[in-house]
Amino acid sequence: MLGPVTAWRGPEPVGLGDGKRRQVLGLLLLHANHRVERDQIIDCVWGGQPARSAVNLVQKYVGDVRRSLDLADGTLLTVGTGYLLRVTPEQLDSAQFATGLAHARERKSGGDLVTARQRLADAMALWRGPAFSGIDTPAADTERARLDEYRFGALEDMAELDLLRGEHALAVPELSRLATEHPYRERVRELLMIALYRSGRQADALAVYQDIRRLLADELGANPGHGLQRVHAQILRADPALHLTTTAAEQRPISQLPADIPDFTGRTEPLGRLLGLLTEGRVAVIVGAPGSGKSTLAVHASYQARERFPDGQLYLDLAGTSEVPRDPAMLLAELLRALGVTDAVMPAGLHERAALYRSRLADRRMLVLLDDAAGAQQVRPLLPSSGGCAVVVTSRHRLADLTGADHLELDVLPPEDARQLLARVVGAERVEREADSADAIVRLCGYLPLAIRITAPGSPAGRRGRCRCCGTGWRTSRSGCANCGSVISTCGPTSS
């Protein structure tokens with residue numbers, strides 16, 4: 001049906017006779033597994049001028065179709081004054097096309113860009129021309145438009161996959177054709193400009209922009225959209241971000257971990273368990289009350305385990321406890337930029353970004369630290385599929401519906417560990433000298449590490465110095481550096 005109506009029996013084409021028989025078969029296939037009234041067939045075959053013997057001819061044509069296709073009893077039925085053709089999805093090229101698109105999207109979501117493009121190419125090979133060619137009915141027009149939209153979307157996806165894989169020269173001819181056939185599709189023009197620019201054809205890329213700018217202004221009185229304007233500006237200034245990756249990004253391991261703290265105290269059992277999970281490439285979720293040291297433990301363990309992840313460490317603050325937790329699509333964009341993907345070729349949708357993210361991590365051994373998660377729905381798109389990667393998540397709540405995750409419940413510090421932490425903050429001699437006051441401080445702080453650090457005499461909240469993260473003079477906000485927002489427990493001042 002993806003072209004002139006044609007039939008095959010195995011690899012051999014079946015002769016259907018003249019055009020009217022093809023129209024009858026096409027109309028029956030258009031309404032496959034549903035009854036088609038005889039009057040509908042007459043209107044399709046003869047339009048407004050039916051032959052006098054149209055009723056008899058319809059019966060003859062239906063019989064011819066039945067004999068030509070050697071249809072078994074019960075496949076092409078006479079139902080009242082109409083006919084019903086029973087088919088299965090695997091018998092229709094339109095259904096095979098839809099299945100191919102679905103499989104391609106699954107492969108893309110799984111990060112297999114090469115196979116995804118091959119599946120799209122195989123699906124496109126089924127097309128031989130306009131769908132239901134020669135069938136002139138409103139239903140055929142609707143179905144033809146629907147299938148053609150899917151066809152064009154598949155072609156756009158193929159071109160985008162070429163760009164994501166760095167094969168810009170392969171994408172140029174097809175994108176040029178698509179831009180000619182559908183001059184108002186801005187996404188096609190945007191992809192074409194990027195492909196031309198990467199092929200060393202800057203002038204041609206700018207000409208594509210000028211062409212659609214004039215077209216939109218003359219025909220619609222509109223300006224190009226934000227995406228086109230952004231790519232145009234990037235080309236004018238020769239923005240390095242237009243390149244898919246940079247050599248430095250590919251060669252240098254990524255290291256985004258916040259600074260570790262030298263006075264990490266206690267947590268021997270959870271630290272050992274967490275390191276074991278990271279070694280196994282698992283997803284570990286550290287759960288605990290505010291101030292219990294979840295982030296501190298995650299960062300400290302990540303530093304101890306980073307030799308097992310030579311391709312680097314990624315870090316994200318998910319802001320799960322804020323009024324507006326961060327959107328997973330925006331978080332994925334941040335991760336992809338760290339992995340070398342530029343805004344010029346950044347996929348627009350959440351699922352597309354997640355697929356590209358998993359693809360970029362497929363052959364890497366990386367550690368991903370996701371701090372302050374709101375819930376499993378926020379975390380799930382950020383998980384790599386590679387067995388060579390490991391993930392640490394911190395959250396105030398158990399992420400029970402995060403399949404395959406191991407949870408570590410973090411309680412307050414034991415009294416002795418809390419006292420030792422205080423000694424490391426203010427000095428062991430002072431704690432020994434003022435033992436009763438020291439015990440009162442850690443007890444009133446509920447044995448919470450963050451509370452001890454903030455409340456202790458001479459703690460980071462009261463010191464002067466420079467923040468380990470941003471390097472500026474320490475100016476305390478309620479929970480950390482007022483300049484860069486780093487938490488006190490992780491990035492306290494470097495000196496008192």
Side-chain angles (χ1 to χ4, degrees), residues 104 108 113-114 116-118 120-121 124 148-149 151-251 329-330 332-349 352-353 355-357 359-360:
K108 186 178 180 182
L113 303 184
V114 175
R117 193 194 185 285
Q118 184 59 52
L120 286 174
M124 289 304 306
D148 197 56
E149 184 64 28
R151 180 186 70 86
F152 193 82
L155 292 172
E156 282 184 318
D157 289 347
M158 288 174 64
E160 184 174 10
L161 285 169
D162 288 337
L163 289 181
L164 291 174
R165 294 164 53 222
E167 298 181 358
H168 39 270
L170 181 64
V172 169
E174 183 64 13
L175 286 169
S176 298
R177 185 181 68 82
L178 294 178
T180 301
E181 291 182 0
H182 300 265
Y184 294 102
R185 301 283 288 233
E186 293 193 28
R187 180 58 177 160
V188 172
R189 303 278 189 140
E190 185 179 334
L191 294 172
L192 177 57
M193 290 170 64
I194 296 170
L196 288 168
Y197 180 79
R198 289 186 184 172
S199 301
R201 299 167 60 182
Q202 177 179 342
D204 291 335
L206 294 173
V208 170
Y209 178 83
Q210 294 303 328
D211 179 62
I212 192 171
R213 185 186 65 80
R214 286 191 297 267
L215 179 65
L216 293 174
D218 295 344
E219 300 292 334
L220 304 176
N223 292 319
H226 172 72
L228 276 170
Q229 293 186 34
R230 185 194 70 242
V231 173
H232 178 247
Q234 288 178 307
I235 292 175
L236 287 176
R237 65 174 182 267
D239 191 343
L242 280 176
H243 299 287
L244 183 63
T245 58
T246 63
T247 303
E250 293 175 346
Q251 293 179 349
M330 301 304 295
L332 281 168
E334 189 172 324
L335 289 169
L336 287 171
R337 292 188 189 101
L339 293 168
V341 178
T342 67
D343 289 339
V345 293
M346 183 73 66
E352 290 76 10
R353 289 181 180 179
L356 181 58
Y357 167 66
S359 177
R360 283 303 175 98

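All of these numbers come straight from a predicted model, not from anything done at the bench.
R177 has its side chain within reach of E174: a pair of non-hydrogen atoms, C-beta onward, lies under 4.5 Å apart. Looking at heavy atoms from C-beta onward, L170 lies in side-chain contact with R117 at the 4.5 angstrom threshold. No side-chain heavy atom of R353 sits under 4.5 Å from any side-chain heavy atom of L335. Y184 has its side chain within reach of L220: a pair of non-hydrogen atoms, C-beta onward, lies under 4.5 Å apart. Looking only at side-chain heavy atoms (C-beta outward), N223 and L228 stay at 4.5 Å or farther from each other.
A salt bridge links R187 and E190; the closest N-O separation between the charged side-chain nitrogens and carboxylate oxygens is under 4.0 Å. Here R189 does not pair with E186 in a salt bridge; the nearest charged N to carboxylate O distance is not below 4.0 Å.
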Give the intermediate values and the outcome of side-chain contact (heavy atoms from CB on, under 4.5 Å) for residues E156 and V188.
CA-CA 7 Å; E156 282 184 318; V188 172; 3.2 Å; yes
From CA spacing to verdict: side-chain contact (heavy atoms from CB on, under 4.5 Å), L206, L236
CA-CA 8 Å; L206 294 173; L236 287 176; 3.9 Å; yes
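For the atom pair R201 CZ and L196 CG, the distance stands at 5.0 Å (nearest 0.5 Å). Rounded to the nearest 0.5 angstrom, D211 CG and D204 CG are separated by 12.0 Å. Note that the CD atom of Q118 and the CE atom of M158 stand 8.5 Å from one another [nearest 0.5 Å]. Between atom CD1 of residue I235 and atom CD of residue Q202 there is a gap of 7.0 Å, rounded to the nearest 0.5 Å. If you take CD on E160 and CG on L155, they are separated by 13.0 Å, rounding to the nearest 0.5 Å. One finds the CG atom of L336 at 11.5 Å from the CD atom of E352 (value rounded to the nearest 0.5 Å).
Shortest non-hydrogen contact noted between A205 and Y197 is CB-N, 4.1 Å. Of all the heavy atoms in A159 and L175, the pair that sits closest is CB-CD2, 3.5 Å. When all heavy atoms are compared, the tightest approach of A195 to A171 is CB-CB, 4.5 Å.
When atom types are taken as modelled, the side chain of H232 and the backbone of R230 share no donor-acceptor pair closer than 3.5 angstrom. A donor-acceptor distance shorter than 3.5 angstrom exists from the side chain of S176 to the backbone of V172, with no hydrogens or angles considered.
Between F152 and H182, the ring-plane angle classifies as tilted under the 30° and 60° cut-offs.
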